[in-house]
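Values below: every heavy atom of this structure, side chains too, minus hydrogens, waters and symmetry copies. Numbers for residues simply follow the sequence, beginning at 1.
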Amino acid sequence: QMADPFLYNTGERSHYGCLGHEVQIEYLKAYVCRPSFITDKAVIVVHDVFGWEFPDIRYIVDLMAGHGYITICPDFFKGTKPWTSIDHWADFPDWMKNHDPMKVDKEADVVLKYLKEQCGAKKIGIVGFSWGGMAVHHLMLKNPQLTAGVSLYGRIVRDSEERYSLLNPTFFIFGEKDHTISLDQVFLLEDKLKQYCKVPYKIKVYPGQVHGFAQLKPEDMKPEDKPYIEEARRDMIDWIKMFV
């Protein structure tokens, strides 16, 4: 039985009026928000297990667009049912088998093509949360078209040395109190990146923070967490601005 990794109660999120719109790209639906001016810079946002329609993730898309990027969150679950807060954690491993964050290459290619051909994007970064953080780690090892990546509390998969040969600058954000990712794993990741990684990378652990902390909307934040949430978001945006 897996403990509920999302310590923020996802059932009590406030409503969010989105600034962007939905589009259909080949076989994928996606949520897109554009800045108020023309730009050739774009960011792909990879959602967590709650999927591309979850208000918190759309808030992040709008936030990135507000910083001057054409921002898009495609449905990486391809129309299948996302995880919900009323599902049973005992079923989570089975659900994950059909929603593998390492099998996102085809969707990433579809979205990259759209951003380049339809939106005129020349530089494209990627940020992902939890499930999406795992997907970002994977894509930053595989896809040289992604100029920079930010992986937020993606579970760390320990397999081979090739998990550490990142192609472009990648920033890993973790919460100190995330009980799905131990600090030992974070230190190991740091150790391995020191050995194998040839591009800029950064790892940062935010004090007292649990899994899922960085995508909360302002009105859902607890006062004691707010400074760390805001810092993580600033750090994420600064990393993208540095390289994209």
May I ask whether L188 and L193 are part of the same hydrophobic cluster, defined by side-chain heavy atoms of I, L, V, M, F, W, Y residues being less than 4.5 angstrom apart, directly or through others? no
Which atom names give the shortest non-hydrogen contact between A148 and I240, and what distance separates them? O-CD1, 4.3 Å
Under 3.5 Å: donor-acceptor pair, side chain of H47, backbone of F76: yes
Shared ILVMFWY cluster between L141 and L167, side chains joined below 4.5 angstrom? no
Just do the salt bridge (Lys or Arg N to Asp or Glu O under 4.0 Å) check on D94 and K97 with the steps written out, would you? CA-CA 5 Å; D94 279 344; K97 277 189 201 108; 3.0 Å; yes
State which residues pass side chain to side chain donor-acceptor pair (under 3.5 Å) with Q185; sequence neighbours excluded, sorted by chain then number. none
How would you list all residue pairs meeting side chain to side chain donor-acceptor pair (under 3.5 Å) that involve residues 111-127, not counting sequence neighbours? K116-Q145
Determine, stepwise, if the pair W95 / F77 fulfils ring-ring contact (aromatic ring centres under 6.0 Å, His included). CA-CA 11 Å; W95 181 89; F77 298 162; 5.3 Å; yes
Start with the C-alpha gap between I124 and V111, add the side-chain angles, then the distance that decides, and say whether side-chain contact (heavy atoms from CB on, under 4.5 Å) holds. CA-CA 10 Å; I124 301 166; V111 174; over 6 Å; no
Residues which pass side-chain contact (heavy atoms from CB on, under 4.5 Å) with A65, listed by chain and number, not counting sequence neighbours: C33, T71
The reported gap from CG in L139 to CE in M134 (rounded to nearest 0.5 angstrom) is 12.5 Å
What is the distance from atom SG of C73 to atom CE of M64, rounded to the nearest 0.5 Å? 12.5 Å
Indicate yes or no for a side-chain donor-acceptor contact from N168 to the backbone of P144 under 3.5 Å, with no hydrogens or angles considered. yes
Kindly give the heavy-atom pair with the smallest separation between I57 and D48, and that separation in Å. CD1-N, 4.4 Å
Name all residues meeting the salt bridge (Lys or Arg N to Asp or Glu O under 4.0 Å) criterion together with E53; count only those two or more places apart in sequence or in a different chain, and write none if there are none. none
Only counting residues at least two apart or in another chain, list the ones meeting side-chain contact (heavy atoms from CB on, under 4.5 Å) with P207. E176, Y228
Pairs touching residues 26-44 that satisfy side chain to side chain donor-acceptor pair (under 3.5 Å), sequence neighbours left out: Y27-E107, Y31-D62
Could you give the distance from CG (L146) to CD1 (I126), rounded to the nearest 0.5 Å? 5.0 Å
Donor-acceptor pair, side chain of H137 and main chain of R163, under 3.5 angstrom: yes
With side-chain contact (heavy atoms from CB on, under 4.5 Å) as the criterion, how do D225 and L216 come out once you've worked through the C-alpha distance, each side chain's angles and the decisive distance to 0.1 Å? CA-CA 10 Å; D225 296 326; L216 285 176; over 6 Å; no
D184: what forms a salt bridge (Lys or Arg N to Asp or Glu O under 4.0 Å) with it, not counting sequence neighbours? none
Enter the distance from D220:CG to Y59:OH here, rounded to the nearest 0.5 Å. 10.0 Å
Atom of H138, atom of D105 and distance for their closest heavy-atom approach: NE2-OD1, 2.9 Å
Carboxylate-amine/guanidinium contact D87 K81, below 4.0 Å: yes
Please state whether the rings of F92 and W83 are parallel, tilted or perpendicular, taking 30° and 60° as the class boundaries. perpendicular
Between CD1 on residue I60 and CZ on residue F54, distance to nearest 0.5 Å: 11.5 Å
Quick one: OG on S130 to CD1 on I181, what's the gap to the nearest 0.5 Å? 7.5 Å
Compare every heavy atom of F213 with every heavy atom of A232, then report the nearest pair and how far apart it is. CB-CE1, 3.7 Å
Kindly state each residue pair satisfying salt bridge (charged side-chain N to carboxylate O under 4.0 Å, His left out) with at least one member in residues 200-212, sequence neighbours excluded. K204-E231, K204-D235
All salt bridge (Lys or Arg N to Asp or Glu O under 4.0 Å) counterparts of R58, not counting sequence neighbours: E22
Got a sec, which pairs hit side chain to side chain donor-acceptor pair (under 3.5 Å) with one end in residues 188-199, sequence neighbours left out? E161-K192
For Q209 against I229, the heavy-atom pair lying closest together: OE1-CG1, 4.1 Å
Salt bridge (Lys or Arg N to Asp or Glu O under 4.0 Å) with K241: which residues, sequence neighbours excluded? none
Taking side-chain contact (heavy atoms from CB on, under 4.5 Å) as the test, write out the residues that go with P169, two or more places apart. P200, W239, F243
side-chain contact (heavy atoms from CB on, under 4.5 Å) evaluation trace for F172 with L189: CA-CA 10 Å; F172 296 89; L189 175 68; 4.0 Å; yes
Closest approach of V136 and G128, non-hydrogen atoms and distance? CG2-N, 3.4 Å
